[in-house]
There are 2 protein chains.
Amino acid sequence: MKNLPDKTVERLSQYRRSLNNQLTKGKTNIFSHELAHLLHITPVQVRRDIMLIGYSGTLRKGYDIKEMINLIGKIIDTDEGQRIAVIGMGNLGKAFIHYLHEKGSKLKIVASFDVNPDKTDKTYAGVHCYHFDRLAEIVKKEEINIGIITTPPEVVPQIADKLVEAGINGILNYTPKPLSVPDEVYLEEYDMITSLEKVAYFVKHRD
Amino acid sequence: MKNLPDKTVERLSQYRRSLNNQLTKGKTNIFSHELAHLLHITPVQVRRDIMLIGYSGTLRKGYDIKEMINLIGKIIDTDEGQRIAVIGMGNLGKAFIHYLHEKGSKLKIVASFDVNPDKTDKTYAGVHCYHFDRLAEIVKKEEINIGIITTPPEVVPQIADKLVEAGINGILNYTPKPLSVPDEVYLEEYDMITSLEKVAYFVKHRD
DNA sequence: TATTCCCTGTTAAAAATTTAACAATAATTC
DNA sequence: GAATTATTGTTAAATTTTTAACAGGGAATA
Ligand SMILES: NC(=O)c1ccc[n+]([C@@H]2O[C@H](COP(=O)([O-])OP(=O)(O)OC[C@H]3O[C@@H](n4cnc5c(N)ncnc54)[C@H](O)[C@@H]3O)[C@@H](O)[C@H]2O)c1
Ligand SMILES: NC(=O)c1ccc[n+]([C@@H]2O[C@H](COP(=O)([O-])OP(=O)(O)OC[C@H]3O[C@@H](n4cnc5c(N)ncnc54)[C@H](O)[C@@H]3O)[C@@H](O)[C@H]2O)c1
């Protein structure tokens with residue numbers, strides 16, 4: 001697969017989620033406009049994305065849901081699946097672990113880390129929590145390559161450094177502390193306040 | 001203020017966060033390239049956004065941090081501030097309430113709702129949790145206009161209906177269940193798995 | 001006071017993304 | 001079986017977003 005547009009990659013993940021959803025409802029085929037409706041986008045965009053990943057539907061039958069799910073998997077999943085660690089087992093860290101636990105995703109959280117002795121050496125939703133001092137050791141042993149940071153903001157830069165040092169390739173930062181990492185590490189940051197303020201802005205400016 | 005580009009609105013929120021951060025470090029002025037670095041974007045983009053909101057810096061001094069924070073506030077905050085409710089006081093709901101509590105934001109979570117008697121009629125980080133049956137009543141009384149949904153996915157459509165019925169103007173849906181609402185209600189959806197799969201994809205395809 | 005330098009503001013160009021338009025064609029209707 | 005309808009796939013156009021280019025001007029230097 002050539003280089004897909006960034007936005008298409010994001011949508012593939014959402015398509016799959018919706019498709020799985022429909023599958024459990026007993027649907028086997030879906031039209032571009034149905035899928036579009038579920039994602040609040042246009043049917044053209046759906047068809048275009050599907051074209052870009054090289055899939056074809058059947059005229060008047062739409063797309064085969066199972067086939068599409070498989071194909072999307074081939075594109076966005078890695079063969080071995082990715083192995084993930086969560087750093088900081090507070091409210092947010094726990095929410096994520098429970099969430100991914102109940103999904104049968106290829107993305108597996110295989111370890112978590114904290115410094116608080118109340119949290120360490122316990123297991124949450126099947127994920128063991130190690131002391132952060134053991135990061136390098138466990139990252140290596142468990143072949144972890146993505147880290148999710150959910151610690152207090154103050155300690156985020158140090159944590160990122162340690163993650164990079166330990167050889168991680170991607171970081172998902174959920175704290176409000178902006179981060180800098182070397183170019184070869186893929187960084188994604190999310191702050192709820194941005195989403196919230198966006199909603200607030202458009203609510204305020206709606207016609 | 002005319003219609004700002006969508007992306008600019010998103011970045012304003014991030015600018016403000018970083019600017020506040022710098023302010024607490026004692027900085028009073030900031031250059032476009034410094035701000036750009038904090039957000040992993042280009043200085044041109046920063047200058048362009050600032051131009052669009054009609055602010056001007058001083059040559060060789062950069063932008064006045066306090067002034068910018070104020071101006072951004074004028075644009076993205078509403079005068080009275082927005083009043084927000086969280087539906088579903090599980091891990092995620094609690095994480096958000098604690099998070100917004102410690103920020104002195106204009107966005108105030110003023111109520112939460114649940115159906116589980118273990119959760120209702122308690123107060124979390126200063127936010128009271130009501131039974132969901134009282135939604136309409138409390139929304140009205142507290143003048144709530146944004147709802148954040150963090151319940152199990154199954155019940156999300158009903159909850160959204162009730163929120164709309166109660167007169168809410170914006171919904172932030174954190175569950176993996178895609179939602180449909182009338183056009184006049186602004187809807188933002190976020191699913192962690194999308195972020196995670198994006199990271200996974202780009203980690204896999206990095207050069 | 002002249003010169004150099006740094007940083008802003010803005011217009012123009014480029015790139016990315018979305019939307020439109022429509023041809024092709026299988027299924028359905030008459 | 002001809003006409004109509006529904007839906008895909010794709011190319012082209014439009015829009016949005018980002019990046020480049022550079023003029024302007026205050027501060028620093030000399
Ligand atoms: N982006 C969002 O949408 C969003 C929403 C809510 C909270 N947050 C942020 O996410 C972070 C976590 O929020 P929370 O409510 O889960 O906080 P929390 O206090 O419940 O959890 C933080 C955890 O990190 C651990 N920790 C502290 N220092 C550590 C270290 N050096 N190494 C490893 N672990 C360490 C703590 O022991 C604690 O268990 C905060 O930074 C918060 O501001 C973000
Ligand atoms: N988008 C993300 O990034 C992300 C991350 C983690 C979890 N999630 C999702 O967020 C949701 C909440 O996750 P969680 O870990 O906090 O779950 P949780 O089970 O801890 O919390 C859900 C809460 O909702 C309450 N609830 C159930 N039915 C309700 C109803 N009809 N009205 C009001 N409240 C009701 C429950 O009593 C419970 O307190 C889930 O849908 C989960 O899949 C999303």
From the list [options], which nucleotide is the closest neighbour of the side chain of [X]?
{"X": "Phe31(A)", "options": "dC7(C), dT19(D), dT7(D)", "answer": "dT7(D)"}
{"X": "Thr42(B)", "options": "dT19(D), dC5(C), dA27(C)", "answer": "dT19(D)"}
{"X": "Gln45(A)", "options": "dT18(D), dG9(C), dT18(C)", "answer": "dT18(C)"}

Counting the atoms with a prime plus P, OP1 and OP2 as sugar-phosphate, which does Thr8(B) contact under 4.0 Å by heavy atoms, base, sugar-phosphate, or nothing?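 Touches nothing.
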Hey, are the side chains of Ile144(B) and Ile84(B) touching, using non-hydrogen atoms and a 4.5 Å cut-off?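 Contact flag for Ile144(B)/Ile84(B) side chains = no.
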Whole angstrom value for the distance that separates C1' of dT7(D) from CZ of Arg47(A):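 Going from CZ in Arg47(A) over to C1' in dT7(D) covers 7 Å.
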Could you state the atom-to-atom distance from CG of Asp6(B) to P of dT15(D) in whole Å?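 It works out to 16 Å between those atoms.
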Does the ring centre of Tyr190(A) sit less than 6.0 Å away from the ring centre of Tyr190(B)?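 When the ring centroids of Tyr190(B) and Tyr190(A) are compared, they turn out to be within the sub-6.0 Å range.
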Aromatic ring proximity, centroids under 6.0 angstrom, Phe96(A) and His98(A):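 Not under 6.0 Å, so no.
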Test log, rule side-chain hydrogen bond (donor to acceptor under 3.5 Å, both in side chains), inputs Tyr99(A) and Asp191(B): CA-CA 10 Å; Tyr99(A) 182 44; Asp191(B) 187 354; 2.6 Å; yes
Want to settle it: does Lys61(A) or Met51(B) sit nearer the 5' end of DNA chain C, counting the closest nucleotide to each?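 This one resolves to Met51(B).
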Is the distance from OP1 or OP2 of dT18(C) to the nearest side-chain N or O of Arg11(A) less than 4.0 Å?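 Arg11(A) to dT18(C) OP1/OP2: side-chain N or O found under 4.0 Å.
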Give a yes/no answer on whether the side chain of Ser32(B) brings an N or O atom under 4.0 Å of OP1 or OP2 in dC7(C).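 So the side-chain polar atoms of Ser32(B) never come under 4.0 Å of the phosphate oxygens OP1 or OP2 of dC7(C).
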N/O donor-acceptor pair under 3.5 Å between Thr150(A) side chain and Ile87(A) backbone: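 Yes; judged by distance alone, with no hydrogens or angles, the pair exists.
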Five pairs at each end of the helix from dT1(C)-dA30(D) to dC30(C)-dG1(D): take the axis at both ends and give me the angle between them to 10°.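 Comparing the first five pairs with the last five, the axes sit 10° apart.
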Which pairs with one or both residues in residues 45-60 of chain A pass salt bridge (Lys or Arg N to Asp or Glu O under 4.0 Å), sequence neighbours excluded?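 Every salt bridge (Lys or Arg N to Asp or Glu O under 4.0 Å) pair that includes a residue of residues 45-60 of chain A, provided the two are not neighbours, is Arg11(A)-Asp49(A).
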Most 5' of Ser56(A) and Arg48(A) on DNA chain D, judged by nearest nucleotide: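 That would be Ser56(A).
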